[in-house]
Amino acid sequence: MGSRLTTEEVKARLSSLEGWTVEEGKWLVKKYRFSFFTGSIAFVNRIADIAEAMNHHPMIAIDYRMVTLRLTSWNAGGLTELDFASVVRYDEAYAGSADDRTP
Ligand SMILES: C[C@H](O)[C@H](O)[C@H]1CNC2=NC(N)=NC(=O)C2=N1
């Protein structure tokens with residue numbers, strides 16, 4: 001899990017990510033959009049596999065063709081390296097998904 005990152009460390013890591021925001025100083029949040037509801041579900045299943053493999057789990061909201069992920073290291077009470085390693089994998093899963101995304 002590692003220790004909590006400083007605000008500066010969080011900002012530096014955010015600069016290499018796209019579409020992620022920080023909420024309350026401790027949650028990484030991103031919305032992913034799809035062309036079909038089934039695209040949302042397929043993506044969530046990919047995220048579930050990643051989360052289980054990393055033993056690091058996001059909050060997931062499925063709103064029809066939009067999936068919102070929110071991630072923090074709850075044991076550490078804030079953002080750690082594991083959060084940033086996870087969101088890179090989430091973005092890869094989205095990039096690799098079929099053309100079930102909003103054109
Ligand atoms: C017991 C289990 O390993 C821990 O509760 C794991 C599970 N998944 C987790 N996920 C996240 N996001 N943060 C954690 O601190 C965490 N801890």
Side-chain angles (χ1 to χ4, degrees):
M1 181 63 66
S3 54
R4 266 206 315 262
L5 298 169
T6 66
T7 309
E8 291 73 27
E9 288 169 328
V10 169
K11 271 176 67 176
R13 284 160 179 75
L14 270 181
S15 60
S16 56
L17 298 174
E18 196 177 317
W20 289 93
T21 57
V22 177
E23 288 185 1
E24 301 164 33
K26 64 177 182 179
W27 291 90
L28 288 177
V29 182
K30 181 168 181 174
K31 294 183 184 309
Y32 293 90
R33 299 182 192 288
F34 300 87
S35 303
F36 308 102
F37 175 66
T38 46
S40 296
I41 300 305
F43 177 64
V44 167
N45 279 302
R46 284 194 296 279
I47 295 306
D49 290 341
I50 295 167
E52 278 300 289
M54 299 181 78
N55 190 32
H56 200 63
H57 304 81
M59 305 299 127
I60 302 174
I62 302 170
D63 300 292
Y64 184 37
R65 297 184 344 195
M66 181 171 70
V67 173
T68 303
L69 300 184
R70 293 166 53 79
L71 184 61
T72 192
S73 295
W74 58 63
N75 286 343
L79 290 173
T80 68
E81 290 289 8
L82 202 43
D83 296 306
F84 286 92
S86 297
V87 300
V88 168
R89 298 280 307 279
Y90 301 162
D91 283 346
E92 286 168 355
Y94 181 73
S97 57
D99 63 346
D100 52 11
R101 294 180 284 160
T102 308

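What you see is a predicted model, and the numbers here were worked out from it, not measured in a lab. Numbers for residues simply follow the sequence, beginning at 1. All ligand and atom numbering here is 1-based and tracks the order in the structure.
When each of L71, T72, D83 is checked for a side-chain contact (heavy atoms from CB on, under 4.5 Å) with W27, only T72 meets the rule.
When the heavy-atom distances from atom 6 (C) of ligand 1 to L28, T72, N55 are ranked, the shortest goes to N55.
Applying the salt bridge (Lys or Arg N to Asp or Glu O under 4.0 Å) test to every pair with at least one member in residues 2-13, sequence neighbours left out, gives these pairs: R13-E81.
Between atom CD1 of residue I60 and atom OG1 of residue T68 there is a gap of 10.5 Å, rounded to the nearest 0.5 Å.
Remark: ligand 1 and D83 share no N or O pair separated by less than 3.5 Å (distance only, no angle test). Inclusion of S73 in the set of residues having an N or O under 3.5 Å from an N or O of ligand 1 is not warranted.
Near L71, the atoms of ligand 1 lying under 4.0 angstrom from a non-hydrogen atom of the residue are 12 (N).
Within a 6.0 Å radius of CD in E23, more than 12 heavy atoms belonging to other residues, nucleotides or ligands are found.
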